[in-house]
Amino acid sequence: MANYAMALDYKNCINCKACEVACKEENGVLKGADKHRIWVGANEVKGEWPNLDIVSATFVPSQCQHCEEAPCQDVCPTNATYYNEHGVVLVNAEMCILCSYCMNACPYDARYVDDRTATVDKCTFCSDTRLARGETTTACQNTCPTKVRTFGDLDDPNSEISELLRTREHFTLKSHLGTKPKLYYLT
Amino acid sequence: MKIEISRRRFLQGSVALSVVGGTSLGLTSVFAESEEHGSDMVTTKTGTGPATEVATLCEMCVNKCAALARVENGVITKLNPNPMFPKSRNMLCPRGNAGIQSVYDPDRLKYPMIRIGEKGEGKFKRVSWDEAYEAILNGTDKFPGMAKILDEEKDNRSSFLFCAGEGMAEHTFKTFFSAFGSSNWLNHSSLCLQTVTSGYGVTIGAYALADLENAEYVIMAGANRAEAIVTPDTMDIFKRTKGRGAKMICIDPRFTNTAAKADKWLAINPGTDLAFVLALTYVILSEEIYDKAYVAENFNGFEEYKNSVLSNKYTPEWAEKITTIKAKDIYEIAREFMAHAPKAVYYPGRRSTFSNNDFQLRRAMAIFQALSGGIDTKGGLIFGKKLKLGEHEGLEPIYARAESRAIEKVKGEKGQSGYEDCAIVAGGGSWISWRNRYIEDKMPYKVRGMFIYKHNPMMNMPNIQKTAQMMKKMELVVAIDTMPTDTVMYADVVLPECTYLERTDPVKTFEGAEPAIAQRNKVIEPMFETKPVIDIMRGLTQKISKTLFGITKKYDEDVRDELALLESDPLSEDNNATTAVKKTLEQREAEVYAEFDMTKPFEQTQEEINEHIVKAIYGEGAVKALEEHGVFYPNMDRFFKQISANEHQYYPEKEKSYRVGNGKVKTESKKVECNLQAMAEKGIDPMPVWRDEYNFSVPDSKFRLLTGRHAQFTQSGTANNTVLLDLMSENYIWINRKVATEKGIEFGDLVEVSSSIGKTRLKAYPTEKIGPKMVFFIHGFGEESEALTWAYKNGGNDNAVIEDAIEPVYGASSMHETNVEIRKV
Amino acid sequence: MMAEAIKKQGIKEFITSIPFKKIGLKELFGFEKTPVNILIALSVIAFLAMFAIGVTTYLMHGHHAYNVTREHPWGLLIAVYIFFVVSSTGLCIVGSLGDVFGFKDYMMISKRAIFGSIVTIIAGFAVIAFEIGHPVTMMIYNVLTPGLTSAIWWMGTLYGLYLTFMIVEFVFLLKNDMKSAKIFGLIGLLVGLAAHSNLGSVFGFLNARPISNGVFYPTYFILTAFITGIFIAFIMMGFRYKLKFPENAKIMLTNLAKIQGLLISILIFFVTWKMLTDIYGSMPDRADVAIHILGSWTFWAEVILAMAIPLVIILASSGRAVNTLFFASLSGMIGVFFMRYNLVHDTQLKPLQMLKKTEYQLSPEWIHYFPSSAEIMISLGGLGLCLAMYYAGTKFFNLDADEHH
Ligand SMILES: Nc1nc2c(c(=O)[nH]1)N[C@H]1C(S)=C(S)[C@@H](COP(=O)(O)OP(=O)(O)OC[C@H]3O[C@@H](n4cnc5c(=O)[nH]c(N)nc54)[C@H](O)[C@@H]3O)O[C@H]1N2
Ligand SMILES: Nc1nc2c(c(=O)[nH]1)N[C@H]1C(S)=C(S)[C@@H](COP(=O)(O)OP(=O)(O)OC[C@H]3O[C@@H](n4cnc5c(=O)[nH]c(N)nc54)[C@H](O)[C@@H]3O)O[C@H]1N2
Ligand code: SF4
Ligand code: SF4
Ligand code: SF4
Ligand code: SF4
Ligand code: SF4
Ligand SMILES: [Mo]
């Protein structure tokens, strides 16, 4: 039983969006700009040309946080959203009634509707593709040119991610909401 | 485009493939419009069942990253990075990931076609390969064949132009060009990196690589590595900026993603980098902080250059007025650079020529780098090592009637040796000056036919009106492409190549500190009736070779002499073995033909050729490694290791080839050439100097137009890729926010951009990321071919407005010498 | 109790003994042909037709027929559903005044109100059925794998129970078994209130949405339900008596109006303090959203139509201008519609993701939403259903109080 999580060395990110395409191709995500499990956010740079604030233009790669206290799970009326044995938050499409409550409840905008099944879909940590085949990384991590992501098991003290979280400072997004996200941003 | 097979049918074919692994329809959407939308809206999910993995190389752009293609039930379901290739360091960029779409693009070319409508109208008829070859040889009622043209041109092989874009199989096509015997070869280089390769070439002997894995200080000027991806530079540098080992200064008129990742960004007035470098040089010369020992040993013409820079007073204060970069910053950068030397890099870049002084700029950059001593050394510019490959026999017959390249020497001016178009003509030629002279009837002889391989000149050359004129004037245009591009629309015969994932390409060696050989292996069988270019060349040469030799026999004095010699061989009447003699005659004619037999270089398959040239040097094991892993280098099995999920070792540190020539440069003299007298004879400044005419003025109410790359697109080649269009649906024009406000232009407003040569329309992006006197938009959008469902008229086409300015040294196209007006529509 | 009653009678008899008028088709569609009635009849027919069209569009295109998006997943149908179920709860409260709490004055409206609460909630369910992607799956897994932490689960389940209790109560009312009616009425009321506050908590639990998060909505929902119930009571009675109220109706309505005056005052007090705390709390994603809401016309439509107009008339006439209050109640119901729409929309106003995800886009600011034609048609269809059922009810049942004492 692993406890999967991801650490992001987000300062490496160049906003190339290779991760977004890799996710779509690996997981058969529908085409369409708003059909995505993963995204990279950017701010419009602050300041006036040519005095621009470089720091304000940081890129923030993100996806489902696989919250330990996931609001999306709490609100799901049929338990279609569930934690699997590795702490990954998943949706069982058979059971999803498309009430969209979870989309409203997820503080990270991590969910969207898959039109083929008319159910909600989200990042699965590649559970039913790569992990199911015994691979050890996700598609988004694997393809990244600047190697932003490290995926791994928090319960294994020797895993790379455990080591990273021990040795590097990090923060999580909207942690004040008590969601206990498992996407760690390394500073 | 009217092809006899409907897109619907293709779609059905490909849909059946692409829904593998897709889920069933939900209750509520059983009536949904899966017919129209469902199908092409699906990507293939990878499965957990049996799959094969084929090691291949990406060809979505010039970088050739190593990929592992996952194949399930004959369908490519995923492209993954191949960790074994040191150049691509286990990554695939967005385009590399979206490469699958190029295979399953419903618009792709599927069958050979010949033109049945007017030129450029896009009306074609599907034909068999043989009919297509036949049409090339003998024409149709719509266009003349090659035989007729060559006959009329009396076997002047140069009456055909050959042009190609960059690609692994460009070599195969070039082999055809050589065998055909034309002198007119044009490739992308005069639209791309001609001046930078040549500038560095003549100054330090090679277009060197930058060791961004170890550099401590990097000036990244006019190179947008976060968006214009070049491997391994993109992967190396961005992990190290922001106080993590390397300080990067980004010099760019725009605030790019590279600027966002830099430690400092300075907006430069476009086209003035030369003044910036000269001022940096001034600082290190006047403050004597350059590497004196290195200079003493490795420079030619140092004193002259030093005098020139100092006496011309290229001070930072002088440069500030030209570049708008503060003198204080220039002093600081020069000093910091030298403080970090030799682990400091003035990044050479790889890009189109932007302004007319580009060649001098590159020379000045190379000299500045050399003054720091950071050459052929870890953390500086490096030459690296290159692994040898064996040879594959080509065919280079000499046709007596073939004219030399269609260029003209300058007449009149005494002591000058250049050409009408430019001072020096490089191997790739000067595309736009060739085109312009062609449409102006200024050719020394008639050029009537054209072969185009993996190249889209309609989209990629400034002033598309002129390119269209050229395409129309060409009597026989043969295009080998994968997509129905704007250029293909002007073709008479269209030969569909299979995509890079459906073929094995020539094995290639990649130099660097960690050199390797890599090979693209065929992932799936070519779909429809497409073929690899080598097969196309085989089929075509089999069709035309003999007939063309017949024409040569008719006009070529040398061949006639040779054959006459044979014919006049005394035949002894009394010998009753007449037939035997006759046979010998035929055989001897065959011997002459053998020199001209165009089918020869294409006899073997690509796989056989690759095996042959690898085995000769590295043995059977290397051949196997290339088939299995796509990559080979000596000791790979020992050296290559995974260090962590994200890191690999290719070579142990001590085996890396940072230093290969003991710091020596690669010019013939082994010295850095500051002062090139040979250039002076051609009317070119022998040393980099700033000239008044380099000051480009932008009239009020106009804007200088800049062009460039985006991380999710490759020039025109990806404009129809639906997965990439999800990431960015079209290009927008960057306009300084204040200017936009003054002009009442808001985000998303449609604007018309016009110049002296034409106009285009696209949406507006008012932003602080660009200065007030310029505008920018991404190159490669706004295609006109209706056969491209998604690319057709999507966004603005920069080459519809960019004027065809020609850089004087190599005749490269200067992309940023155009002023435009913008108007809200 | 029902078991008892059934045991006594046997199920068949129990059902067949429910009093209803045996009327023919002609009678069913027979009504006084006044211009207003004809207009209402035509509207109902038009609404039902729209329902059919809207539903067909939905069945063909799924959620693409709606203007709901990733950022604004809940649209008009959720608002209309809430509108109906709140109306139902409100009518249940009003109906309970008489038969549950025994306030004699209100006896005369009990049956009508309880029937009204049944048709409104059915209309609500009819609308939500076409918003929930898989209603059948819902019924299965709501039972198999109940999401006990989900406010929607509780709300849905309790409303289901509530509907059952309401029907039973209504049956007993029809049968004039006031004791059983009282018991079922009480249970129904309690379940309804529980369901209703859970509906409030559907929003209150959203900690992703600071503007809705907290205890406010669960309580506010009960309050506004009562207000809605009174508005509808006025409307139903107005139609019943064609604005020529008998004295006892006048007394009841005047009393209701007084209660309404108090309730609306409390509501205004609530809303004012909610706004003030939202804004002065300066909490990000709360204060800015509240200010944005203050600038939207739909908010002011809610305030003016549902609060200001009715309250002014009640205060000015001490609740005695019952005819004017009939019209004020129509205004109030339109206001209540905006109240529901605002609740749903305002919750989603603020993007959860404030960064630009693509290069050429403006930085996300406020999420825009306007219902699609299918959404509007299904919503009006819900209204049509509600009116049609109510009309049929007036034909089949005696909704006036029986003169039994
Ligand atoms: N994603 C992606 N990557 C690519 C390609 C692609 O199409 N897409 N193409 C490949 C090819 S063929 C090439 S040649 C390279 C090109 O690689 P680059 O040369 O790095 O790319 P460009 O966008 O052409 O130009 C680089 C930057 O120069 C800036 N610039 C313009 N004028 C000036 C100037 O006068 N001075 C300075 N200092 N800066 C200026 C532009 O704003 C731009 O940001 O990219 C390669 N990599
Ligand atoms: N205005 C402006 N013009 C520019 C530039 C700019 O920045 N601005 N950039 C310049 C630069 S740096 C360059 S390198 C050139 C690039 O110019 P091109 O070399 O023309 O490159 P692409 O636009 O990528 O077009 C490649 C063509 O090859 C086809 N193709 C792709 N794969 C295959 C294949 O496997 N086989 C065959 N046969 N065909 C294939 C594609 O369909 C497409 O038609 O453009 C130059 N032109
Ligand atoms: S692939 Fe890596 S660098 Fe590119 S956008 Fe994603 S996280 Fe950023
Ligand atoms: S990020 Fe959103 S979808 Fe993912 S677990 Fe947390 S609440 Fe659920
Ligand atoms: S939409 Fe599906 S997954 Fe989300 S809360 Fe509703 S039933 Fe659960
Ligand atoms: S972990 Fe897998 S599913 Fe999640 S975003 Fe990355 S690629 Fe997509
Ligand atoms: S940089 Fe991207 S497109 Fe170019 S070869 Fe590499 S993966 Fe392919
Ligand atoms: Mo290029």
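By convention in this document, chain letters (A, B, ...) are assigned in the order of the sequence lines, proteins followed by strands, and residues within each chain are numbered from 1.
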Given that the side chain runs from C-beta out, which part of [X] has a heavy atom under 4.5 Å from chain A: side chain, backbone, both or neither?
X        : value
B:Lys264 : backbone
B:Leu92  : both
B:Ala259 : backbone
B:Asp263 : backbone
B:Arg70  : side chain
B:Phe238 : both
B:Arg244 : side chain
B:Leu266 : neither
B:Lys769 : both
B:Pro253 : backbone

Test B:Asn80 against A:Asn142 for side-chain contact (heavy atoms from CB on, under 4.5 Å), laying out the working first. CA-CA 8 Å; B:Asn80 287 309; A:Asn142 193 33; 4.0 Å; yes
Answer yes or no: are there more than 12 heavy-atom neighbours, outside B:Glu746 itself, under 6.0 Å from its atom CD? no
Sidechain N-carboxylate O distance under 4.0 Å for [X], [Y]:
X        : Y        : answer
B:Asp726 : A:Lys35  : no
B:Lys45  : A:Asp128 : yes
B:Lys78  : A:Glu25  : no

Check the pair B:Thr46 / A:Arg130 against side-chain hydrogen bond (donor to acceptor under 3.5 Å, both in side chains), numbers first and verdict last. CA-CA 8 Å; B:Thr46 58; A:Arg130 300 179 71 100; over 6 Å; no
Who wins among [options] for the most heavy-atom pairs under 4.5 Å with chain A?
options                     : value
B:Met91, B:His710, B:Glu768 : B:Glu768
B:Ile100, B:Leu79, B:Thr767 : B:Ile100
B:Arg95, B:Gln712, B:Met235 : B:Gln712

For A:Arg149, is it the side chain, the backbone, both, or neither that has a heavy atom closer than 4.5 Å to a heavy atom of chain B?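 Contact with chain B: backbone only.
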Quick one: pull up [atom1] in [X] and [atom2] in [Y] and give me the separation to the nearest 0.5 Å.
X        : Y        : atom1 : atom2 : value
B:Asn224 : A:Ile14  : CG    : CD1   : 9.5 Å
B:Asn97  : A:Lys17  : CG    : NZ    : 14.0 Å
A:Glu26  : B:Thr44  : CD    : OG1   : 10.0 Å
B:Lys261 : A:Asn15  : NZ    : CG    : 9.0 Å
A:Leu131 : B:Thr48  : CG    : OG1   : 12.0 Å
A:Trp49  : B:Ile770 : CH2   : CD1   : 9.0 Å

For the residue pair [X] and [Y], what are the closest heavy atoms and their distance?
X        : Y        : result
B:Ala267 : A:Pro50  : CB-CB, 4.0 Å
A:Lys147 : B:Asn646 : CD-OD1, 3.3 Å
B:Ala711 : A:Cys16  : CB-CA, 4.1 Å
A:Gln141 : B:Ala645 : NE2-CB, 3.5 Å

Tell me if a side-chain donor or acceptor on B:Thr43 pairs with a main-chain N or O of A:Leu30 at a distance below 3.5 Å.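 Such a contact is absent between B:Thr43 side chain and A:Leu30 backbone.
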Do B:Lys738 and A:Glu48 pass the salt bridge (charged side-chain N to carboxylate O under 4.0 Å, His left out) test, and can you show the C-alpha distance, the side-chain angles, and the key distance before you say yes or no? CA-CA 9 Å; B:Lys738 274 198 215 80; A:Glu48 264 185 41; 2.9 Å; yes
What residues of residues 155-187 of chain A sit under 4.5 Å from chain B when only non-hydrogen atoms are counted? A:Glu160
Chain B contact residues among residues 52-65 of chain A, heavy-atom distance under 4.5 Å: A:Leu52, A:Ile54, A:Ala57, A:Phe59
Any idea which of A:Thr146, A:Thr137, A:Thr143, A:Val29 has the most non-hydrogen atom pairs under 4.5 angstrom with chain B?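 It is A:Thr143.
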Using a 4.5 angstrom heavy-atom cutoff, name the option from A:Glu44, A:His36, A:Glu20 with the most pairs to chain B. A:Glu44
